[in-house]
*Asks:* 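This is the structure I want to talk about, given as structure tokens.
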Number of protein chains: 2
Amino acid sequence: MIATFAVRRRKLFPADENLPMKILYQPRTPDILLSNVFGALSDPTRLHIVRLLLRTTEITCGDFEIAGAKSTLSHHFKTLREAGVTSTRVEGVQHFVSLRRDDLDARFPGLIATLTCAEEPF
Amino acid sequence: MIATFAVRRRKLFPADENLPMKILYQPRTPDILLSNVFGALSDPTRLHIVRLLLRTTEITCGDFEIAGAKSTLSHHFKTLREAGVTSTRVEGVQHFVSLRRDDLDARFPGLIATLTCAEEPF
DNA sequence: TCGATGGTTCGGGTACAATCGAACTAGTCT
DNA sequence: AGACTAGTTCGATTGTACCCGAACCATCGA
């Protein structure tokens, strides 16, 4: 059985729906779920991104040579943001991503420490 | 294309291979990888198991009413053990599962604290 | 207004994970 | 030996995640 319900929205005609591309959802602090955070951090690429953010405060998608396709990287950043791990500040064309360090520390004390330790081969 | 290589081992003839069922692999402490630990903890059922283990020191698979099938539960315990989160002690027929608290604390300080906090709806 | 830049979204392929029932195994008890 | 218990393993199905290229969009500079 093939799902057919996802075809609804075709984007080729710009004005017929006004759901903007720039929503950038992120959960409120009390809504951050530990299992989601762990899920976001269970991917080696994303864990690497977060470890970078522990040292750099802010990065953009373009600051990466690591990953392959742009869309893949965008997907990882979205996953981190929607899990509540990062937040994104839009400035002109660039998206600056930072760790929600205080929020995470308030909600899950010890997590930041866990991430900081042990440099490992992922 | 359908994979055909997995058909090799049929178990209906007991003595033709002696790979025992009782291996119960778990990684040595320095081999525990953070991304694997996070992966194991990203499932709500397994996170719940681990939270239980923070209070109970040891449990058996039978101590659960939560999950559905026995095989599913067994799978979750295997995942936790192979990620390095738990260890299993066999005593007669029962398997006693416990948190590798010291190992985790040594390798990833703060992780246990993270798990201890915040009772949440998973 | 046109093109470049820095991303997001879509659609699809492929790989992995969760779940289950059925079959099996290994100990224990009678 | 036979039945019971506690769990593992197998095989299949279903669902989800990762990854990519193509299309799209919004902003900026010329």
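Here is how names work: the chains are called A, B, and so on, in the same order as the sequence lines, proteins then strands, and each is numbered from 1.
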*Asks:* Does a side-chain heavy-atom distance below 4.5 Å link A/Ile49 with A/Leu73?
*Replies:*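 Side-chain contact under 4.5 Å: yes.
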*Asks:* From A/Lys70 NZ over to A/Cys61 SG, what is the distance, rounded to the nearest 0.5 angstrom?
*Replies:* 9.5 Å
*Asks:* Do B/His75 and B/Arg46 come within less than 4.5 Å of each other through their side chains, counting heavy atoms only?
*Replies:*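 Yes, at least one pair of side-chain atoms sits under 4.5 Å.
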*Asks:* Would you kindly give the CZ-to-P distance between A/Arg89 and C/dG7, to the nearest whole Å?
*Replies:*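 Whole-Å distance recorded here is 12 Å.
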*Asks:* Determine the minimum heavy-atom distance between A/Arg107 and A/Pro30, stating which atoms define it.
*Replies:*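 Heavy-atom minimum between the residues: NH2-O, 3.3 Å.
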*Asks:* Separation of B/Lys78 atom NZ from D/dA6 atom C1', in whole Å?
*Replies:*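 It works out to 17 Å between those atoms.
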*Asks:* Calculate, to the nearest 0.5 Å, the distance between atoms CG and OG1 belonging to A/Asp102 and A/Thr29 respectively.
*Replies:* 9.5 Å
*Asks:* Which pairs, protein N/O on one side and nucleotides 14-19 of chain C N/O on the other, fall under 3.5 Å?
*Replies:*
{"from": "C/dA18", "atom 1": "OP1", "to": "B/Arg46", "atom 2": "NH1", "distance (Å)": "3.1"}
{"from": "C/dA18", "atom 1": "OP1", "to": "B/Arg46", "atom 2": "NH2", "distance (Å)": "2.7"}
{"from": "C/dA18", "atom 1": "OP2", "to": "B/His75", "atom 2": "NE2", "distance (Å)": "2.9"}
{"from": "C/dT19", "atom 1": "OP2", "to": "B/His76", "atom 2": "NE2", "distance (Å)": "2.5"}

*Asks:* Considering only side-chain heavy atoms of B/Cys61, which listed nucleotide, C/dG7, D/dG7, C/dT9, is closest?
*Replies:* D/dG7
*Asks:* With the side chain counted from C-beta on, respond yes when A/Arg101 and A/Ile112 share a heavy-atom pair under 4.5 Å apart, and no when they do not.
*Replies:*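 The answer is yes; the side chains approach within 4.5 Å.
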*Asks:* Quick one: is B/Ser74 getting a side-chain N or O under 4.0 Å of the D/dT9 phosphate, OP1 or OP2?
*Replies:* no
*Asks:* Taking only the side-chain heavy atoms of A/Val93 (C-beta and beyond), determine which of C/dT5, D/dT8, D/dT9 contains the nearest atom.
*Replies:*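 Looking only at heavy atoms from C-beta outward on A/Val93, the closest nucleotide is C/dT5.
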